[in-house]
Amino acid sequence: MPHARNLSLSDLEKPGMGLSSETYLFDMSWEESGQQKSKGVVLRGAPRDEKVFPEYVLGHQFRIMQLLESTKVPVAKMLWLEEDPVVIGAPFFLMEKLQGDVPQDYPSYHGSGMYFEATPEHRTKMWWGCLQGIVDIHQLDWRKLGLSFLGVPRDHADAVDRQLAYWEGFLNWIKDTPEESHPTMEAAVAWLKENRYEPDRLTLCWGDARIGNTLYSRPDRDVLAIMDWEMAFIGDPVADLAWIFTLDKQHSEGYGLPRLEGTPKDEEVVQRYEDLTGWKVENLYYNEVLATVRYGLTVIS
């Protein structure tokens, strides 16, 4: 901001969400060309100490959302990316702050918070809005959009192999010693490798698809932004459906809570996805096993 004068930051807030990165909200005020200006900003920084992932490429998230600004997928406006950790101690980026609400993870949105307090009709609307975002993501031409930096599989089968190799490497990374064992995870990874398949299509996958990463407007509960792209990859779009199902089960059954009225059943979500895309959902069980492994490993780490 070379023309800004008397720049100041105020109302710094650290929201109670996000496990793998540092997030801060604040307002910027400055003078420019004789006028007083202001902007609400979100700062997301790479983790400094405890890491959830073996590698954390913050720049990928910024570039994905920057490219998505020209599409129908709703994202916040990206402002600046700083990949040199010397500035604040870690790479970070800034994006415009939007006013809305996000269903909370901890404690679960099935037990308290904006989703719990919503009407059943609004809950259904929130799910369908999130699903429409997923459909819009999957129908993008990721090559034309310039997303090849996420890694281009050699063929459809290689897309699954890449995911398995990454998560098997993740399993080895979380071990303090080579002898450390996680029998359930090891058995699940072995099953996934033995039952690998070739998906029908490859798309951009959100990677962390869920209503807890969706910003909704007040009070209408329209989707304002799709957030958190740190797990994005090129692969089978069914992986995103499996992830949203797996995480919702964790946030209901996993906490001993009933799924709230208005929350669509899995089969209803699958049917609506098939109607919107014209694609048949295949290999859902396989991807739910993979999603459970993915989630489990991030929790263990």
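In this structure, the side chain to side chain contact (heavy atoms under 4.5 Å, CB included) partners of Arg259, at least two apart in sequence or on a different chain, are His110, Trp127, Asp248, Ser252, Thr263, Asp266. The salt bridge (Lys or Arg N to Asp or Glu O under 4.0 Å) test applied to Lys193 returns Glu168, not counting sequence neighbours. Remark: Asp208 engages Arg210 in a salt bridge (Lys or Arg N to Asp or Glu O under 4.0 Å) (not counting sequence neighbours). With sequence neighbours left out, the side-chain hydrogen bond (donor to acceptor under 3.5 Å, both in side chains) criterion links Glu274 to no other residue.
Contacts classified as salt bridge (charged side-chain N to carboxylate O under 4.0 Å, His left out) and involving residues 179-190 (residues at least two apart or in different chains) are given here: Lys175-Glu186. Screening residues 69-96 for side chain to side chain donor-acceptor pair (under 3.5 Å) gives Lys39-Glu96, Arg63-Glu83 as the qualifying pairs, with residues at least two apart or on separate chains.
Under the 30°/60° scheme for interplanar angles, the aromatic rings of Tyr109 and His251 are found to lie parallel.
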> Does the side chain to side chain donor-acceptor pair (under 3.5 Å) test come out yes or no for His138 and Asp240, once each step is laid out?
Replying inline: CA-CA 9 Å; His138 293 170; Asp240 276 342; 2.8 Å; yes
>> Determine whether Asp236 and Arg201 satisfy the following criterion, salt bridge (charged side-chain N to carboxylate O under 4.0 Å, His left out), listing intermediate values before the conclusion.
In response: CA-CA 6 Å; Asp236 186 351; Arg201 59 188 56 83; over 6 Å; no
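In this structure, Glu267 places its CD atom where more than 12 heavy-atom neighbours from other residues, nucleotides or ligands lie under 6.0 Å away. Open room surrounds CD on Glu55; 12 or fewer heavy atoms of other groups in view lie less than 6.0 Å from it.
For the residue pair Thr277 and Gln139, no side-chain donor N or O sits within less than 3.5 Å of a side-chain acceptor on the partner.
Between the CD atom of Gln132 and the CD1 atom of Ile137 there is a distance of 10.5 Å, given to the nearest 0.5 Å.
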